[in-house]
Amino acid sequence: METLNYRFEGGRRLLTGMPQLVGVVGSGNLEILIEPAHLKGACEIEVRTAAVGFGATWQAVMADFHARWSLADARVSVNDMGATPAVVSLRLDQAVESIANLPGGAP
């Protein structure tokens, strides 16, 4: 297992709902917990993954996620069992949509 931590500053979108859990780690996929947190406007992401050695890929996926959603005061926890980057991105979007109550789910 590998643990990766990311912090993005300068987010503009605050989360409005209760913490949400999406996905199922036991399916060979991943689960994501997303929750509001007092982080001085930052978004913190912790990734625990069974796929060791893919830090650059995770960095790219998380940077893309932050560019799309620009979350502020948000904590995201990812438990991964080898999901592809496309699945990770879809689950991250699903997590934000579940907590932010956005019309049409658009960023």
Side-chain angles (χ1 to χ4, degrees):
M1 292 294 288
E2 183 173 19
T3 300
L4 306 166
N5 291 288
Y6 304 95
R7 182 177 172 98
F8 298 95
E9 305 287 345
R12 298 178 315 278
R13 178 175 285 143
L14 295 170
L15 300 176
T16 59
M18 298 296 294
Q20 297 290 314
L21 181 67
V22 297
V24 179
V25 75
S27 69
N29 196 325
L30 79 158
E31 67 183 9
I32 296 173
L33 172 65
I34 187 167
E35 56 192 327
H38 297 290
L39 298 171
K40 299 182 182 177
C43 175
E44 292 184 348
I45 304 170
E46 179 182 77
V47 177
R48 285 177 287 210
T49 179
V52 176
F54 290 90
T57 302
W58 281 103
Q59 174 65 42
V61 171
M62 295 307 139
D64 178 68
F65 169 70
H66 180 69
R68 278 195 323 275
W69 291 102
S70 189
L71 296 180
D73 288 336
R75 180 172 291 119
V76 180
S77 301
V78 178
N79 293 315
D80 171 59
M81 293 303 289
T84 66
V87 170
V88 174
S89 290
L90 288 171
R91 280 281 186 251
L92 286 165
D93 289 347
Q94 180 185 18
V96 174
E97 291 168 3
S98 73
I99 194 171
N101 300 317
L102 300 173

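Note that the coordinates shown come from a computational prediction; the quantities given were computed from them, not determined experimentally. Note: hydrogens, waters and symmetry copies are ignored here, and every other heavy atom, side chains too, is used.
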Using side-chain heavy atoms (C-beta onward) and a distance below 4.5 Å, is Leu14 in contact with Pro36? no
Are Leu21 and Val78 linked, directly or through intermediate hydrophobic residues, by side-chain heavy-atom contacts shorter than 4.5 Å (ILVMFWY only)? no
Count the heavy atoms belonging to other residues, nucleotides or ligands that lie under 6.0 Å from CE of Met1, then report whether that count exceeds 12. yes
Inter-residue atom distance Arg48.CZ - Thr3.OG1, 0.5 Å rounding: 6.5 Å
Using only atom types and a distance under 3.5 Å, with no angle test, would you say the side chain of Asp73 pairs donor to acceptor with the backbone of Leu39? yes
With a 4.5 Å limit on heavy-atom distance, are the side chains of Arg91 and Asn29 in contact? yes
For residues Leu15 and Glu35, determine if any side-chain heavy atom of one lies less than 4.5 Å from a side-chain heavy atom of the other. no
How long is the gap from CZ on Phe65 to SG on Cys43, to the nearest 0.5 Å? 5.5 Å
Could you state the interatomic distance from CZ (Phe8) to CG (Leu71), rounded to the nearest 0.5 Å? 10.5 Å
Would you name the heavy atoms of Gly10 and Ser70 that are closest together and state the gap between them? O-OG, 4.0 Å
NE2 on His38 to CZ on Arg75, rounded to 0.5 Å: 10.0 Å
CG-OG1 distance between Asp80 and Thr49, expressed to the nearest 0.5 angstrom: 3.5 Å
Side-chain donor or acceptor of Ser98 paired with backbone N/O of Ala95 under 3.5 Å: yes
From Ile32, Val96, Ile34, Leu33, residue fulfilling side-chain contact (heavy atoms from CB on, under 4.5 Å) relative to Gln20: Ile34
Is a side-chain donor or acceptor of Glu2 paired with a backbone partner of Gly53 at a separation under 3.5 angstrom? yes
Ala50 versus Met81, closest heavy-atom pair with distance: CB-SD, 4.2 Å
Taking Phe54 as the starting point, is it possible to reach Val87 by hopping between hydrophobic residues whose side chains are less than 4.5 Å apart? yes
Does the side chain of Ile45 reach to within under 4.5 Å of the side chain of Leu92, using non-hydrogen atoms? no
Under a 4.5 Å cut-off applied to non-hydrogen side-chain atoms, are Tyr6 and Val47 in contact? yes
Closest heavy-atom pair and its distance - Lys40, Glu9: O-OE1, 4.5 Å
If you round to the nearest 0.5 Å, how far is CZ of Arg7 from CD of Glu44? 4.5 Å
